[in-house]
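Following: one structure in structure tokens, then a few remarks.
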Amino acid sequence: MHVGEPVDPPTPQSVSTSGTSKKAAVKQSKLSVHVGKPVEPSTPQSVSTSGTRKNAAEEPMTIPPSGKSKGSQPIDVVEIELPCQPGSQQLLELRRGAKRSIEHMVGMILSHVSNTTSKRIGVHGSGGIGKTSVLKALINHPKTKYLFDVNIWVSVSRNWSMRKIQNEVLRQFRLQTDSEIAEELFQSLKCQRFLLLLDDVWEQIDLHTIGIPDLTLENGCRMIIATRSLGVCHIMATDVEIQVEGLLEEEAWELFREQVGGIVDSPNIKPHARALVQKCHGLPLLIIVTGRALTKEIDALAWMHAVREFSQCSAHGMYGFETLIQKLKFSYDRLEGLELKSCFLYCALFPEDWEVSMLDLVEYWIHEGLISGNWTDAYKRAHDIVNILVGASLLQSSEDSLSIKMHDLIRDLASGILSLEAEGCQFLLRNYSRMTQLSDTENSSSHRSLETFEGNRQLILESRQFLSRAAAGLTEPPLNEEWEEAKMIFLMDNELSRLPERPNCPKLLALFLQRNHLLRMIPSPFFDLMPFLKVLNLSKTRIKSLPKSLFKLIKLEVLILRDCECLILLPSDVGSLRQLEVLDLQGTEIDKLPDEISELASLRHLKVSFYGSVNWSEYVKLPCELVSQGIISSLHELETLSLDVYPGDRRWDKDVKSVINEVGNLTKLIAFSCYFPKVEFLELFLQTGIPWIRGLTKFKFVVGHDVKRFVAQVVDNLEFDYVQWGRCLRFINGEMIPDAVVEV
């Protein structure tokens, strides 16, 4: 039947892309046909895209494309070939067998695109099955470009908004946004023959409200949605649904073998490899990620362990999505070292489907302390980590290799790990805690790992518990209702200048607002409704004071105010935070440590920078002492103590001796940073602390008469290296090196 001719709707049909026939789903006014293949209109059929065709009838029906010329040739599925894109860094690098399935899938969709009764096409299947790969192949296909004036791709995701879709469509039209955005969209599209592809759709989208013109026989426009749920297809009123199912067994094996290499052909490994592929159930993402995790693995026991771990998923009552996430976690567990795992988890803090520049990502990792070492080594290591994670298919690089993003299922995996109480957001607190090593395949059993995930299954499935908008360019805070369900909120590296007045956050455990450089004030009642908040990071904001409501957070354990250069006062109310373990005031401008600090009996990490002045008229207005006697010695749990003093501040000359004596009583101290204005003070310290000083794992000492200079005499990289080095002494303004310095 040809375009423009009347069509009598035949009996409704269902389409499947698996290699086995499915029962036809009866649905009103639906047409499903296979281009160039025999079809009997009155008989329901199931169409397979995995290499076999089922239930073909006797009379063929050819549908030419609704193209730009009447002489167009019909599209035959078997003739379609995917265009090759050299240099593409797409996550799913599907070749050979897997590519054949995609080719057939693209042909199936194109056949429906050519059918006038199929204006809305739904592509559905489980996460990781390859829906996005199919749509990418479709939009890049020459015949798709031939059929339409404009091809529009929008990745919708769970946290979609009408404005997000509008902005993305306008961006592809290179148009500016304004208040009449829907009307502008409508005017731009109404004269175009467009194909709209909506990927990762989770709920109904009102196209008319967004500004998308109606899809009609006259304008020849089409919409294709990809979703995990058949129900979403129904809600979106699709005319035909195509189910994407797993690869056939040999296709899956071929894809897996491409990831691992020839090692899988070893007689002692191949049986386990075959068993592992079967347990991947034809999911391309799982096949690829698992294969990459076992690349170059020559130990047959490791392969046996992998098969056993995959088998135990169902044994622990985990099915569907939970099983898939746990199997993906096998690849996470194979990552070597806490540093690598922490950098991976950090990538889940960006918004879903968000591309982040690799250069920015490297700097975020270094700023958060996820990568240690001097400046040059940290940058090199960070780039190595990016390459490792991309090579493991846990991150996806852009085609120009300048940015990365995370597949939504991999992001679900990372969110699931973040939801575990033992690991949670602790990777962001590496500078403050003695974290236990995250479990790995060598020192933890699969059984314990599975039990942990099963116990947190609701957390993994509950996406709203994480409000992750790191580096999203936000100028306004998220809506109040988004705060209500969140257990962790990540809003770092944005352009926020204000916060909501009194958000209701009954479940909130951690709030990260660091590096919002425009944030100058926190509303007074802001923390009133955060009864369980444990971690608060406000570092590198421009706040000038702390609201009273902050000191009602009786559960607070970590308070990070690092590099808040405008903060000049720490209120005495800080003594009410009795459970506080970490207090970081480094880089602030406070002029005295309040005496109430001595009431923080649980404090393990204290870092503070004191404001001072060498100007006499200003100096006389400052408190007469920086630290009152007895405060330091009362903090018996201290493991880290860092005291930065303004160079030349004479108040420290009076306080330093008593501080040194008190530090000698801190038996749990393992990291100590201090300024010794005279060598004599260093000698006193060595005499007082000699029984335990060799137990310091980190120290930074400045010895000698330091002065404030407007122009630094050392380059920035050396200053950074000094901060990064674990054990360092700077001897300044001296001619001879004293014995005490050589001893340290």
Side-chain angles (χ1 to χ4, degrees), residues 429 432 489 498-506 508-514 516 519-611 621-638 640-644 651 655 659 662:
L429 306 174
Y432 309 101
I489 296 179
R498 69 174 187 88
L499 295 173
E501 187 73 14
R502 197 168 183 254
N504 183 21
C505 306
L508 190 61
L509 300 175
L511 175 59
F512 294 90
L513 290 164
Q514 60 266 37
N516 277 279
L519 186 61
R520 298 176 181 272
M521 189 270 294
I522 300 175
S524 181
F526 178 75
F527 296 104
D528 277 350
L529 303 178
M530 302 181 186
F532 298 106
L533 191 65
K534 291 185 176 183
V535 178
L536 175 62
N537 192 336
L538 292 165
S539 61
K540 287 197 175 180
T541 58
R542 298 187 64 79
I543 58 172
K544 298 180 179 179
S545 61
L546 300 173
K548 285 279 188 181
S549 58
L550 188 151
F551 303 104
K552 298 177 183 178
L553 301 173
I554 59 174
K555 300 284 188 181
L556 195 65
E557 297 177 2
V558 178
L559 177 58
I560 305 174
L561 301 165
R562 190 181 187 92
D563 294 321
C564 291
E565 297 175 348
C566 298
L567 185 64
I568 60 175
L569 176 66
L570 181 65
S572 59
D573 296 333
V574 69
S576 63
L577 303 177
R578 300 298 176 87
Q579 295 192 30
L580 202 63
E581 297 183 15
V582 173
L583 178 59
D584 190 344
L585 299 163
Q586 202 157 20
T588 62
E589 294 286 318
I590 68 169
D591 53 23
K592 186 183 189 302
L593 204 60
D595 294 349
E596 287 75 13
I597 287 287
S598 61
E599 300 174 20
L600 304 180
S602 300
L603 201 62
R604 295 188 298 113
H605 300 265
L606 175 61
K607 298 183 178 183
V608 59
S609 296
F610 293 105
Y611 174 78
K621 299 176 183 178
L622 297 174
C624 60
E625 58 183 358
L626 297 173
V627 185
S628 300
Q629 289 190 23
I631 290 182
I632 300 299
S633 59
S634 66
L635 303 174
H636 303 291
E637 299 298 318
L638 270 188
T640 299
L641 176 62
S642 176
L643 302 170
D644 287 350
R651 294 178 299 164
D655 293 346
V659 169
E662 292 182 40

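Note that this is a predicted model, so its numbers are computed, not measured.
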In the structure I gave you, are the side-chain heavy atoms of [X] and [Y] within less than 4.5 Å of one another anywhere?
X: Cys564; Y: Thr541; result: yes
X: His605; Y: Ser642; result: no
X: Ile597; Y: Leu635; result: yes

Any chance you could measure [X], atom [atom1], to [Y], atom [atom2], to the nearest 0.5 Å?
X: Lys607; Y: Arg562; atom1: NZ; atom2: CZ; result: 5.0 Å
X: Ser609; Y: Asp563; atom1: OG; atom2: CG; result: 8.0 Å
X: Lys534; Y: Leu559; atom1: NZ; atom2: CG; result: 16.0 Å
X: Leu536; Y: Phe512; atom1: CG; atom2: CZ; result: 9.0 Å
X: Leu556; Y: Glu581; atom1: CG; atom2: CD; result: 10.0 Å
X: Met521; Y: Arg542; atom1: CE; atom2: CZ; result: 15.0 Å

Listed by chain and number, what are the side-chain contact (heavy atoms from CB on, under 4.5 Å) partners of Ser545, not counting sequence neighbours?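 Result, side-chain contact (heavy atoms from CB on, under 4.5 Å) vs Ser545: none returned.
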Atom CD of residue position Glu625 - does it have more than 12 heavy atoms of other residues, nucleotides or ligands inside 6.0 Å?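 Atom CD in Glu625 is crowded, with more than 12 foreign heavy atoms closer than 6.0 Å.
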Should we say atom CZ of Phe551 is surrounded by more than 12 heavy atoms from elsewhere, each under 6.0 Å from it?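 Enclosed: over 12 neighbouring heavy atoms sit under 6.0 Å from CZ of Phe551.
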I need the single residue from Leu429, Leu538, Leu513 that forms a side chain to side chain contact (heavy atoms under 4.5 Å, CB included) with Ile560. Which is it?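 Of the listed options, the one satisfying the test is Leu429.
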With sequence neighbours excluded, residues passing salt bridge (Lys or Arg N to Asp or Glu O under 4.0 Å) with Lys592: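 Lys592 satisfies salt bridge (Lys or Arg N to Asp or Glu O under 4.0 Å) with Asp595 only.
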Might you point out which heavy atoms bring Leu511 and Phe527 nearest each other, and give the distance in Å?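 For Leu511 versus Phe527, the nearest heavy atoms are CD2-CE2, 4.5 Å.
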